[in-house]
Amino acid sequence: MAKAKKCDRDLSFPEVLPPQVSIHGQHIDNNWPRGLNGFLSYQSEPPEKVQVGFLSDIAICKNCRQEVLAISNRRYRYPFTNCINFGPRFTRIKDLSFDRIHQLSMCSECQREYDDSKERRFHNLTNAGLRCGPEIRILDGEGIEVTPNPATLLKQGFILAVKGLGGFHLAADARNDSVVSRLRCRKGREAKPFAVMARDLEIAHRYCEINSEEETWLTSPQAPIVILSRNLKELLPDKLIHPGLDTLGVMLPYTPLHYLLFDDEIELLIMTSANISDEPLITDNEEALQRLSGIADYFVVHDREIESPCDDSVLQVTSENTPQFFRRARGFSPQGIKLPVMTIPVLALGGDMKNTFCVTRDDQAFPSQHWGDLKYYKNLLNHREGILRFTRMLSVEPLVWAYDLHPGYQSTRWVMEQESLPKIGVQHHHAHLAAAMADNGLTGEVLGLICDGTGWGADGAIWGCEVLQGGYHGFKRRAHLKYVPLPGGEYTVKRPYRMSLVYLYEALGEKSLEVARNYLPDLGVEEMEVLVCQLQNSSRIILTSSCGRLVDAVSAFLGICTLNHYEGQAAAELEARALRGTQKRVYSYGLDEEEGVWIMKVQTLWQEVLEDLQRGTATEVLALSFHETLIEMWTEVLCRIRDETGINRVVLSGGVFHNRILLTGLLQKLKKNNMECYHHRQVPPGDGGISLGQALIASEVNG
Ligand code: FE
């Protein structure tokens, strides 16, 4: 064989890459020329041999937007316009490799674009035009085609079910009180805020305060819903759209089809996932017509299949200008996350709530989109189908499966039935800690402050306000909020006023009954008697150190939110109230060491909150003071443990850190105390992020 000669051509990559192209590495082989005078393209290898990443969906690019909005263009108002730089990917791909062979045939004009290397639709596998691409139809509730365009129907006050990239949305004019109220009523959604789609950035600016980082995310190729502070001077039916909150989730049109929903008069639309309560997204035309009849008046459907349901991503921008996800889905999933260590192939199943699973391959983790709560059977089925899809497309055969220790979780029950599989149970808050480490590229040992609602503890209690010391290899529990009973479990989680009595009883004993009669109007006499009886004989009641339950209890006691219609409602409304506070104080708390574990005690806080309440202090001030006290207490306990262990790196994880006052305040305080702080940027701090942590732990323990 001839000896390879060093190539003297410049093989470096161009400085400006095409949009959506990223280079993860390069390898150069020196070979003799073989006498070919051009490139040849071959049929891809069978999918099982392909080991590539698969792409996420990308929002409409500037060029396509111009085409869709230009009357003279052949793609004017064509809803499936796309090009090599944008379009459906993840939700559309049936299998890898994604070859034209899987797609429709093209008309001559589209074929010309596809064949011309100077066109931005050169080899665009989803290329489509009016004559050859998918078609849209507007149907009434009976499935009969109608002629009015979607914007006209929306202006007339109708609710539309619109087939999007990853599932159906329900769309309605956000400025029309009666239609928003009708939508809430028909959907049976009492309080959970609706997201909106603004016609353009200018409209978004009118209704919300938007900084440059938030603007960057709104207009990014991922086009997520961004949680923004409302400009309350601009009128909206806000008590119907975002009751109890001063924030609004906003996105911009991200497909050409969305432009058909707007005109000069329609500027802001409610765009909410068209699923039935906690069930999966609806992706099929027939299913939409059946299941959404009675909710939607009209249906905007088309014949482009959705291969994988995928909800809109939701994020907020932190005070450090970093993104923080509530839901990492469309636009991001299934993008890989670079890990700080090499892994064995792991499938981590996540928890049951806000479920994601995660597959690892070498030094990358691939968290899935969100599947909702797995206690709903259809979500569980989608979760299993998603696992098959991910492992097939990524060509990964997991060597170990990781799961949460909660014995009641469907994911746990399912994996326990699979006898032949190597599997490892991971403690919930340990998974949070590892997720925050992986998210920040950390190895070694850290301290983790993990605050959330529910996680099965190693001692069978419900944990939720923990300081752990550890890494991927294991952990030690170094501090936690003092246990209180959780009588009634889930029943009490939905009724924060019951938690108020639990904490009052803990702090004031029998005197709490009189206080409860004065301050907890939702607590009936009979319910109070039963609850007190349970608290007096609490030895058989499950205990909890949950931060979520403490926050709920304070929110209800201040009369801010006494019932959780959606997860985290009481906490979100307490935060909104605190953000209006102009004064604050720090309540007293206790820190006691018991057998090497610091116990955080809040009985004195409750006594002082009651005194302030009796004095007539504004609830805004009380709410802000409560937040301030948590920040102070956590800083003190972390500093003490840092002094004991010499570990100066702290990761923050758990859904509580969606709270902007707590995250910002704690970061400032910890930095002042010279601690290195890390929080989530790539996966959510809540349970949507734990599969990443489970995967790292399983790989470390089994690798
Ligand atoms: Fe959690």
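In each ligand, atom 1 is the first atom listed, and ligand 1 is the first ligand listed.
- Using a 4.0 Å cut-off between charged side-chain N and carboxylate O, Asp459 and Arg477 make a salt bridge.
- In this structure, Trp456 has its ring center at least 6.0 angstrom away from the ring center of Tyr409.
- Legend: protein N/O/S atoms lying under 2.8 Å from the Fe ion (ligand 1), waters omitted, number 4.
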Run the side-chain donor-acceptor check on residues 539-546: report pairs under 3.5 Å with partners two or more places apart or on a different chain.
residue: Thr544; atom: OG1; partner: Ile462; partner atom: O; Å: 2.9
residue: Thr544; atom: OG1; partner: Ser546; partner atom: N; Å: 2.9
residue: Ser545; atom: OG; partner: Gly464; partner atom: N; Å: 3.4
residue: Ser545; atom: OG; partner: Glu466; partner atom: OE2; Å: 2.6
residue: Ser546; atom: OG; partner: Asp452; partner atom: O; Å: 3.4
residue: Ser546; atom: OG; partner: Gly453; partner atom: O; Å: 2.6
residue: Ser546; atom: OG; partner: Gly548; partner atom: N; Å: 3.2
residue: Ser546; atom: OG; partner: Arg549; partner atom: N; Å: 3.1

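- With respect to Lys584 and Glu628, a salt bridge is recorded, a charged nitrogen being found less than 4.0 Å from a carboxylate O.
- Nearest heavy atom pair, residue Ala553 against residue Tyr503, reads CB-CD1, 3.8 Å.
- Scanning all heavy atoms of the two residues, the minimum distance from Asp312 to Met251 falls at OD2-CE, 3.4 Å.
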